[in-house]
Amino acid sequence: MTQNAFTYWLVLIFVYGFVFTASGQNYYPAAIGNTWVLKSTDGESLRTYTVAATEVIDGVELTILEIASDGADKEAVEIDKYFVTVTEDKLLLHQTVFDEGKLGIVTAKFSPPATFFPQLLTIGDAWQIAAEIKLTEILPGREIAATSTTDVKVILFEDVETPAGTFKRCVKVALSQRVKSSVLNLEATSYQWLAPNLGPVKYETADGLVFELIRSNLVKEEVEELSPYDVNGDGAVNILDLTLVASQFGGVDVDADVNDDGTVNIQDLVMVAQNFGD
């Protein structure tokens, strides 16, 4: 085995040795008061995400994420509510209340709670959010039972450019929803882009309307000073930084050369690894 090949495999072993201990990214910072405002690329509509409050339901304190969007007539505002709890490795979804305009109010409860978003995401990850739901106002005086199934899949990581700035290594997820009832059958796929340690920065509706972040406001507890070992600038030192340094091994990349000795080498990998979690 040549020295170059040996070095290559040494780097791979070093990097992947940290895969199962790497801390996850926070794709939905859930501190009360966090707000993200997205505007449609046609300039006509706003989509506002707000971690609005907490509410105790059935003895459990739930955090309420509200997503407000313009209605079809551009005057009414529809507000969808997600009732979640935050664990070390995921957001759990307990209940939803959706305002679907002329289709009425759609409510669902999840028992046990469903995975809303894991903290650690990789390409190909997939999960399902399924529930029995109730539709009101579709038919006067009737409440319609239906089933809702949403398949969520991580399809890629990419940099996202928005009016609020460019965000590195955003996760893009596809949300394919199916609603079935005796009077209504719907299928739709939308897309959400989430920036690590920031939250939603882009959204595409099933009709192809794209929303991009124009401003956000995260409470101070959610904003951390970037570590010099955060090579990719996503707000955390983790496996992504190790992977980036490894990809530049032997080169002269300024960002990956964290000890500034003029080359990317094993010392840079060690320094990033020693500062995991910063």
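The first residue of the sequence shown is numbered 1, and numbering continues consecutively from there.
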Visitor: Counting only N and O atoms by type, is there a donor-acceptor contact under 3.5 Å from the side chain of D257 to the main-chain atoms of G262?
Guide: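 Answer holds: yes.
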
Visitor: Tell me the closest heavy-atom pair linking K90 and L92, and the distance in Å.
Guide: CD-CD2, 3.4 Å

Visitor: What closest approach, in Å, do I32 and T54 show between heavy atoms, and which atom pair accounts for it?
Guide: CD1-CG2, 3.8 Å

Visitor: Write out all pairs satisfying salt bridge (charged side-chain N to carboxylate O under 4.0 Å, His left out) with one or both partners inside residues 202-219, taking only residues at least two apart or from two chains.
Guide: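 Residue pairs passing salt bridge (charged side-chain N to carboxylate O under 4.0 Å, His left out), neighbours aside: none found.
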
Visitor: Determine, step by step, whether L218 and W36 satisfy the side chain to side chain contact (heavy atoms under 4.5 Å, CB included) criterion, reporting the C-alpha distance in whole Å, the side-chain angles of both residues, the deciding distance to 0.1 Å, and the verdict.
Guide: CA-CA 8 Å; L218 302 189; W36 304 263; 3.6 Å; yes

Visitor: I need the minimum non-hydrogen distance between A68 and V77, along with the two atoms involved.
Guide: CB-CG1, 3.9 Å

Visitor: Aromatic ring centroids of F117 and Y27 under 6.0 Å?
Guide: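 No, they do not, as the ring centres are separated by 6.0 Å or more.
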
Visitor: Could you tell me which non-hydrogen atom of A30 sits nearest to which non-hydrogen atom of N34, and how far apart they are?
Guide: N-ND2, 4.1 Å

Visitor: Is there a side-chain contact between D125 and P118 (heavy atoms, below 4.5 Å)?
Guide: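 The answer is no; the side chains never approach within 4.5 Å.
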
Visitor: Under a single-linkage definition using a 4.5 Å side-chain heavy-atom cutoff for Ile, Leu, Val, Met, Phe, Trp and Tyr, are L156 and V210 assigned to the same hydrophobic cluster?
Guide: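 Not linked; separate clusters.
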
Visitor: Apply the test side chain to side chain contact (heavy atoms under 4.5 Å, CB included) to residues F110 and F116: give CA-CA distance (whole Å), side-chain angles for both, the deciding distance (0.1 Å), then the verdict.
Guide: CA-CA 11 Å; F110 302 86; F116 187 40; over 6 Å; no

Visitor: Can we call the ring centroids of F211 and Y191 under 6.0 Å apart?
Guide: no

Visitor: I want to check something: taking the side chain as every heavy atom from C-beta on, are P200 and L194 in contact at a cut-off of under 4.5 Å?
Guide: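 Touching, per the 4.5 Å side-chain cut-off.
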
Visitor: So which atom in D159 and which in R169 form the shortest heavy-atom distance, rounded to 0.1 Å?
Guide: OD1-N, 3.0 Å

Visitor: Do I57 and H94 have side-chain heavy atoms sitting under 4.5 Å apart?
Guide: no

Visitor: Among T115, T63, V86, L65, find the residue that satisfies the side-chain contact (heavy atoms from CB on, under 4.5 Å) test when tested with L91.
Guide: V86

Visitor: Rounded to the nearest 0.5 Å, what's the gap from CZ on R47 to OG1 on T205? Could you check?
Guide: 8.5 Å

Visitor: Check whether any side-chain N or O of S45 sits under 3.5 Å from a backbone N or O of G43 as a donor-acceptor pair, and report yes or no.
Guide: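 Checking the backbone N and O of G43 against the side chain of S45, no donor-acceptor pair under 3.5 Å is found.
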
Visitor: Can you tell me how far the CZ atom of F98 sits from the NZ atom of K81, to the nearest 0.5 Å?
Guide: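 The NZ atom of K81 is 12.5 Å from CZ of F98, to the nearest 0.5 Å.
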
Visitor: Would you please test N265 and T263 for side-chain hydrogen bond (donor to acceptor under 3.5 Å, both in side chains) and show each step?
Guide: CA-CA 6 Å; N265 51 39; T263 186; 5.0 Å; no

Visitor: Are any side-chain N or O atoms of T162 and backbone N or O atoms of A164, one a donor and one an acceptor, separated by less than 3.5 Å?
Guide: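 Flag set: sc T162 to bb A164 pair under 3.5 Å.
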
Visitor: Answer with yes or no whether the hydrophobic clustering places I129 together with L175; edges join I, L, V, M, F, W, Y residues whose side-chain heavy atoms lie under 4.5 Å apart.
Guide: yes

Visitor: Which heavy atom of A31 sits nearest to which heavy atom of V219, and what is that distance?
Guide: CB-CG2, 3.2 Å

Visitor: Rest of the hydrophobic cluster containing V37 (Ile/Leu/Val/Met/Phe/Trp/Tyr, side-chain heavy atoms under 4.5 Å)?
Guide: L46, I214

Visitor: Donor-acceptor pair, W193 side chain versus E158 backbone, under 3.5 Å?
Guide: no

Visitor: Only one of T189, D151, N185 clears side chain to side chain donor-acceptor pair (under 3.5 Å) with R178; which?
Guide: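 When T189, D151, N185 are each tested with R178, the side chain to side chain donor-acceptor pair (under 3.5 Å) holds only for D151.
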
Visitor: What distance do S190 atom OG and Q177 atom CD have between them, rounded to the nearest 0.5 Å?
Guide: 7.5 Å

Visitor: How far does OG1 of T107 sit from CD of E132, to the nearest 0.5 angstrom?
Guide: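 One gets 11.5 Å once the value is rounded to the nearest 0.5 Å.
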
Visitor: Atom CZ of F83 and atom CG of D58: how far apart are they, to the nearest 0.5 Å?
Guide: 11.5 Å

Visitor: Please evaluate residues T96 and D80 with respect to the criterion side chain to side chain contact (heavy atoms under 4.5 Å, CB included), reporting the C-alpha separation (whole Å), side-chain torsions for both, the decisive distance (0.1 Å), and the verdict.
Guide: CA-CA 7 Å; T96 57; D80 296 338; over 6 Å; no

Visitor: So with a 6.0 Å cut-off around NZ of K172, is the heavy-atom count from everything else above 12?
Guide: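 Enclosed: over 12 neighbouring heavy atoms sit under 6.0 Å from NZ of K172.
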
Visitor: CD of Q128 to OG of S176: how many Å apart, nearest 0.5 Å?
Guide: 10.5 Å

Visitor: Might you work through the side chain to side chain contact (heavy atoms under 4.5 Å, CB included) test for Y28 and V51, ending with a clear yes or no?
Guide: CA-CA 10 Å; Y28 250 123; V51 184; over 6 Å; no

Visitor: Taking the side chain as every heavy atom from C-beta outward, state whether T85 and P113 have any pair of such atoms under 4.5 Å apart.
Guide: no

Visitor: Could you check if a side-chain atom of T35 sits within less than 4.5 angstrom of a side-chain atom of T48, using non-hydrogen atoms only?
Guide: yes

